[in-house]
Amino acid sequence: MKMEERKREKEVLPLDAVMNILKRVPVKSLMRFKCVSKEWLNLLEANPFFTKQQLEHSTRNPALLLQRFHRQPPPLSFSVCLIGPHYNLIHQSHLSHVAFPDAKILHSCNGLLCLRNNTDLSILNPATCQIRQVPTTTVMPFHEVGFGFSLLADDYKIVRISMCDIYHNDSIVDLQTVRVDQAEVYSLTSGSWREINAAKLQPFCLVSSSVAITGTIFWLASRIFTSGSHYEFVVSFDVRRELFTLMSGPPMPSSPSHPCGNVLAVCNDELAMFHDYIVGNSNSSFDLWVLKDFNSDYDNDRCDGGGESWMKMYSVGPFYGIVYPLSLWRDEIVCLKPLPGGDTAIALFDPVSKIPKQMQPDRDEFCYEPFTYVETLVPV
Amino acid sequence: MGERGEEWEAVMLRKAEEEESKAVKKVKLVTSDGVTMEVEISTVKEMETIQAFMNATDTDNSIIFPLPKVSSHILSRIMELMSGEYDQELVKRLSHEELKEICMVANYLNMKTLLHLTASAIANLIQNKSVEFVRHFFNIINDFTPEEEVQLRKTHEWAFEGVDED
């Protein structure tokens, strides 16, 4: 018996091997395993090294999170579903068990979701069911919200950019006369809002929702001149230094096709942009450009206009009919396809095999918004 | 025997020596239960912990390496997995105890592919299991007071839904 006991004692796995196993286990199970022992509780609740290791592992296989808009009245007007690496439906729910019943997902970053309920914001970790209400501040009728993470600062931040009508006309929305007014930042670490300098953005109007790579949040901004012509720029926000920078987009092709617009996306933690255009009567095509050598979170003294450059990755199409690119998930393009009757469907398109996969919509869904999602232990 | 016999013996001896130098280099691993297992040098290449010691003595033909933490049973299981190119089916046939011990050895000898394979297999095995199963599997002693444990379970009640039977 004594021999047996000594033998068993020797067979305890070292902590690094335990971490190697646990990083592969779903977060819900890890929440349960906090009850295994004090050592495990400490590992799963307060070990930044393990939290990072788990996130790194889950980031390799991100799920596609679809926010679905239903034709039902609140609180059932939104729901979410998660699609796994093999196009399997992992999970679907209303977020109501953890968040406000009608909270809408604005952004997803490293497994944390930034939600909006009326004008209130919150940060949710759906895997651990932890939620943080962000303190309320007065907001302008027009504003854009960004959500990002800085590795160097080890902090998550929400940035809110308010816009106002330069003629102070709040009743008529005329994008020609709406300009950036002010910007404020909320940090998960500090737990408070702070106004930041947005003078650089004041001649512009933000025309897209944001996307984020590690260390930087991006928007599309438009500058309208008195002559009526307008130019599009990319606005970047350095999450750690809380500074805005302006960049130009990729060179536009001078083809006879009709350009439709630009859509920001993220490709392997780099900024990407879809440039879509109509060929012929009504067939969509699009190009994917990626911003290379953009040093966001690593270089301490980057000036405006660093060594970055746009690189064209591929062109796809023309498709039969209209298809809008929305985002990238792994190596696939997530597209929105208008259906007869005004509804839309989500389709995934692999640019290499060129085979589209259309997702079967439920009867009462009419629109979708895609996000990349990974499970994390990051506390909020 | 005479001179012819001696000549013949000398020829055979030379032949044998030639064969030996042509043959694949082998390493002798001595397990915790005192068994010496001869393995090809290519096998040892994946054992990065051993590899770190090997480079200095690379030219030596008769390397003996002690593995005080590895039993002959587990080492032969590892050889099977390696020669089977880490087939998932072979992993499924291992007992829980074997799986855990192989994972421990893979971690100790820094065998990346084997560690990845066994850690994933253990993760799959435990993900839907109870706290009690996990304690038993990892030989962990519960050091919470009953009150502390009740409180913890209450806080994460939702995480206890849908657990498999042990």
Side-chain angles (χ1 to χ4, degrees), chain A residues 3-46 50 53-54 56-58 60-61 85 90-91 93 95-98 125-131 375 377 379, chain B residues 32 68-69 71 74 96-108 110 112 114-146 148-164:
Chain A
M3 268 288 276
E4 184 66 18
E5 264 173 29
R6 212 180 313 142
K7 194 170 163 251
R8 295 203 114 212
E9 213 167 279
K10 240 173 55 182
E11 284 162 9
V12 172
L13 272 176
L15 196 63
D16 56 341
V18 170
M19 290 199 277
N20 200 326
I21 295 165
L22 292 184
K23 72 179 183 187
R24 303 161 198 269
V25 169
V27 168
K28 184 185 171 183
S29 307
L30 296 182
M31 293 291 106
R32 183 166 71 246
F33 296 162
K34 283 181 181 181
C35 300
V36 166
S37 69
K38 285 182 178 164
E39 189 186 37
W40 279 39
L41 175 66
N42 192 54
L43 177 71
L44 299 171
E45 205 152 68
F50 179 68
Q53 220 182 36
Q54 189 279 338
E56 261 173 34
H57 188 265
S58 66
R60 284 188 221 161
N61 269 319
I90 303 175
H91 179 71
S93 75
L95 287 172
S96 51
H97 64 295
V98 277
N125 181 337
T128 61
C129 283
Q130 255 192 318
I131 190 160
E375 286 199 338
L377 288 166
Chain B
S32 60
K69 290 187 182 177
S71 71
I74 289 300
H96 291 176
E97 205 56 34
E98 285 173 330
L99 186 58
K100 192 177 73 183
E101 280 186 44
I102 293 172
C103 179
M104 201 168 347
V105 172
N107 188 58
Y108 159 65
N110 203 359
K112 296 220 162 62
L114 189 63
L115 183 59
H116 173 87
L117 190 77
T118 49
S120 303
I122 296 173
N124 273 330
L125 175 71
I126 65 170
Q127 63 178 3
N128 290 323
K129 298 289 193 200
S130 70
V131 171
E132 290 74 18
F133 179 95
V134 172
R135 279 185 195 137
H136 181 79
F137 182 87
F138 289 96
N139 289 323
I140 295 171
I141 295 157
N142 176 14
D143 52 358
F144 290 116
T145 64
E148 282 173 332
E149 196 178 336
V150 166
Q151 189 54 44
L152 258 179
R153 280 177 187 256
K154 225 176 175 176
T155 322
H156 304 288
E157 218 173 353
W158 59 273
F160 287 82
E161 292 161 9
V163 174
D164 294 350

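Keep in mind that the numbers below use all heavy atoms, side chains included, and drop hydrogens, waters and symmetry copies. Residue numbers begin at 1 in each chain, while the letters A, B, ... track the order of the sequences.
- Atom-to-atom distance recorded for A/Asn20:CG and B/Thr118:OG1 is 8.0 Å, nearest 0.5 angstrom.
- The CG atom of B/Asn107 sits 7.5 Å away from the CG atom of A/Leu13 when rounded to the nearest 0.5 Å.
- Between B/Lys154 atom NZ and A/Cys35 atom SG the span is 13.0 Å, to the nearest 0.5 Å.
- Residue A/Phe33 comes nearest to B/Lys129 through the heavy atom pair CE2-O, 3.5 Å, listed as atom of the first residue, atom of the second, then distance.
- For the pair A/Arg32 (side chain) and B/Gln127 (backbone), a donor-acceptor distance under 3.5 Å is present.
- No other option in A/Leu41, A/Leu22, A/Val27, A/Val18 has as many heavy-atom pairs under 4.5 Å with chain B as A/Leu41.
- For A/Ile21 against B/Ala123, the heavy-atom pair with the smallest separation is O-CB, 3.6 Å.
- Ranked by heavy-atom pairs under 4.5 Å with chain A, the first of B/Thr155, B/Asn128, B/Val163, B/Val134 is B/Val134.
- The nearest pair of heavy atoms linking A/Val36 to B/Phe144 is C-CE1, 4.1 Å.
- When each of B/Glu148, B/His116, B/Arg153, B/Glu149 is scored by its heavy-atom pairs under 4.5 Å with chain A, the top score falls to B/His116.
- The environment of NZ in B/Lys69 is sparse: at most 12 heavy-atom neighbours from other residues, nucleotides or ligands sit within 6.0 Å.
- The choice from A/Pro14, A/Ser29, A/Ser37 that makes the most heavy-atom pairs within less than 4.5 Å of chain B is A/Ser37.
- B/Ile126 touches chain A through backbone and side chain together, each having a heavy atom under 4.5 Å away.
- At a 4.5 Å heavy-atom cutoff, the contact between B/Leu152 and chain A is made by backbone and side-chain atoms alike.
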